[in-house]
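Worksheet: the structure to be examined is printed underneath.
Just the heavy atoms: all of them, side chains too, but no hydrogens, waters or symmetry mates, feed the values below. Sequence lines set the chain letters: A, B, ... in the order given, protein chains first and strands last, and positions in each chain run from 1.
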There are 2 protein chains.
Amino acid sequence: MPSRLTDREAEYLKVIFNLLSKKDAVGSLEVASAMGVSCATASETLKKLYEKGMLRREPWRGVSLSERGIMEVNRILRNHRVFETYAYEVLSISLEDACECANRVELYLPEKIVDSMCRLLGHPKRCPHKNSIPEGSSCCLEK
Amino acid sequence: MPSRLTDREAEYLKVIFNLLSKKDAVGSLEVASAMGVSCATASETLKKLYEKGMLRREPWRGVSLSERGIMEVNRILRNHRVFETYAYEVLSISLEDACECANRVELYLPEKIVDSMCRLLGHPKRCPHKNSIPEGSSCCLEK
DNA sequence: CCCTGAAATTAGGTTCAACCTAATTTAGGT
DNA sequence: ACCTAAATTAGGTTGAACCTAATTTCAGGG
């Protein structure tokens with residue numbers, strides 16, 4: 001039933017997460033302008049994300065992330081930041097390039113890869129930008 | 001004008017490449033069955049890939065890869081095999097998992113990442129399956 | 001040499017994601 | 001109570017990736 005997120009929906013989720021850092025609910029209009037899309041499109045997508053269990057929603061009010069939404073964003077952010085850190089620290093990619101590379105793959109990286117990179121890095125708490133890296137599931141810590 | 005390949009088109013290209021290892025031209029029917037799709041769909045997609053400059057085509061005969069098609073498949077294969085080798089050798093992922101992980105990311109890996117992994121591995125000629133790894137552009141070899 | 005059958009292509013259509021513009025609805029402040 | 005800005009719904013469009021049902025083409029057997 002949950003039916004997986006599309007890539008585009010994952011984008012929306014990331015943007016919503018960022019907007020939420022400054023307030024505790026965001027409206028369609030804000031999402032629309034952050035995504036460069038009409039308000040109607042944003043509204044529809046928010047509904048879909050809600051139906052997929054990613055958002056908490058008070059119609060006419062605004063949305064925030066549900067438990068599952070938070071997990072999903074954390075997964076993406078973790079993928080991004082671990083990969084970026086690894087690319088920068090181990091693969092000697094410039095920070096700027098590492099970040100851009102991370103953007104390209106963050107939605108597709110298997111957990112096994114990310115956990116392994118995380119382990120080799122010694123389970124860092126922050127990426128080179130000093131943003132915090134969400135923890136992985138327990139198996140990341142297992143030897 | 002060339003207009004980038006869709007993910008699905010890249011899949012077709014890989015399949016075509018594999019079919020070509022046994023013969024020197026493949027027909028719609030073969031591609032269709034390898035992709036699990038109707039013959040009409042395969043035929044259409046072959047036409048699109050041809051229009052995008054990826055295939056050589058003699059209508060009613062069959063297709064083979066064009067120069068650009070070969071480059072594209074090589075890029076994907078290189079991404080796959082370098083990543084897989086790196087995951088296996090450095091990230092300690094089982095060979096089977098490494099291969100599966102490579103399948104998930106092979107279309108999205110930036111060249112910089114792959115070249116860096118390739119360098120750290122000492123520019124291996126073959127992946128753990130003993131398949132040959134296509135060479136990268138010259139800059140892979142530069143220190 | 002034609003004729004037929006298998007393979008290829010074209011015609012015409014569906015579904016779904018992601019957009020849009022133009023209504024329409026609604027909640028909140030004056 | 002009213003007005004307006006924000007949110008939603010209605011009704012479309014486009015493009016990717018499929019499909020089934022014609023139709024076309026070529027190559028080999030009679």
Side-chain angles (χ1 to χ4, degrees), chain A residues 1-17 19-20 22-66 69 72 76 103 107-108, chain B residues 1-16 19-20 22-66 69 72 76 103-104 107-108:
Chain A
M1 219 57 45
S3 129
R4 190 112 207 82
L5 296 189
T6 65
D7 290 1
R8 195 59 175 150
E9 285 167 347
E11 289 279 311
Y12 276 85
L13 220 51
K14 284 203 300 172
V15 157
I16 291 164
F17 172 82
L19 292 172
L20 284 170
K22 296 191 166 59
K23 14 178 35 216
D24 55 33
V26 279
S28 308
L29 210 63
E30 273 177 292
V31 174
S33 97
M35 289 297 295
V37 125
S38 81
C39 185
T41 299
S43 187
E44 278 167 21
T45 306
L46 293 183
K47 194 166 67 171
K48 274 188 205 148
L49 283 169
Y50 170 74
E51 282 159 2
K52 290 184 180 185
M54 294 295 158
L55 300 179
R56 190 165 292 133
R57 187 163 87 130
E58 299 189 49
W60 309 100
R61 286 282 181 166
V63 299
S64 58
L65 296 172
S66 69
E72 182 62 16
I76 296 169
N103 275 323
L107 300 183
Y108 313 111
Chain B
M1 221 58 45
S3 127
R4 190 113 208 81
L5 297 188
T6 65
D7 290 1
R8 195 58 173 150
E9 285 167 348
E11 288 279 311
Y12 277 85
L13 220 51
K14 283 204 302 172
V15 157
I16 291 163
L19 293 172
L20 285 170
K22 298 191 163 61
K23 16 177 34 214
D24 55 32
V26 280
S28 309
L29 211 63
E30 274 176 291
V31 174
S33 98
M35 290 296 297
V37 125
S38 82
C39 185
T41 299
S43 187
E44 279 166 21
T45 306
L46 293 184
K47 194 166 65 171
K48 274 187 206 149
L49 282 169
Y50 170 73
E51 284 158 1
K52 291 184 179 184
M54 295 295 157
L55 301 179
R56 189 165 292 132
R57 188 162 86 131
E58 300 189 48
W60 308 101
R61 287 285 180 164
V63 299
S64 58
L65 296 173
S66 69
E72 182 61 17
I76 297 169
N103 275 322
R104 290 194 191 287
L107 300 183
Y108 312 111

Of all residues at least two apart in sequence or in a different chain, which pass the side chain to side chain donor-acceptor pair (under 3.5 Å) check with [X]?
X	answer
B:E44	none
B:Y50	none
A:R56	none

Reading nucleotides 4-14 of chain C from 5' to 3' and marking B where a protein heavy atom lies under 4.0 Å of the base, S where only the sugar-phosphate is that close, and - otherwise, the string is ---SBBB-B--

For [X] and [N], give me the distance from atom [atom1] to atom [atom2], rounded to whole Å.
X	N	atom1	atom2	result
A:L5	C:dA17	CG	C1'	13 Å
B:L49	D:dA16	CG	P	12 Å
A:K52	C:dC16	NZ	P	12 Å
B:E9	D:dG15	CD	P	14 Å
A:R4	C:dA17	CZ	P	14 Å
B:K48	D:dA17	NZ	C1'	7 Å

message = For B:A40, give me all partners under side-chain contact (heavy atoms from CB on, under 4.5 Å), at least two apart in sequence or on another chain.
response =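 Per chain and number, B:A40 pairs via side-chain contact (heavy atoms from CB on, under 4.5 Å) with B:S38.
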
- Query: Is the backbone of A:T41 close enough, under 3.5 Å, to the side chain of A:T45 for a donor and an acceptor to pair up by distance?
  - Reply: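 Confirmed, A:T45 side chain pairs with A:T41 backbone.
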
Would you indicate which nucleotide in C:dC19, D:dT20, D:dA17 comes nearest to any side-chain atom of A:V37?
->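 Within the option list, the nearest is C:dC19.
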
So which pairs with a foot in residues 23-37 of chain B pass side chain to side chain donor-acceptor pair (under 3.5 Å), sequence neighbours left out?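 Sorted pair list: B:K23-B:E30.
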
Legend entry - A:Y12 vs C:dA17: side-chain N/O to OP1/OP2 distance below 4.0 Å: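 The answer is no; no side-chain N or O of A:Y12 sits under 4.0 Å from OP1 or OP2.
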
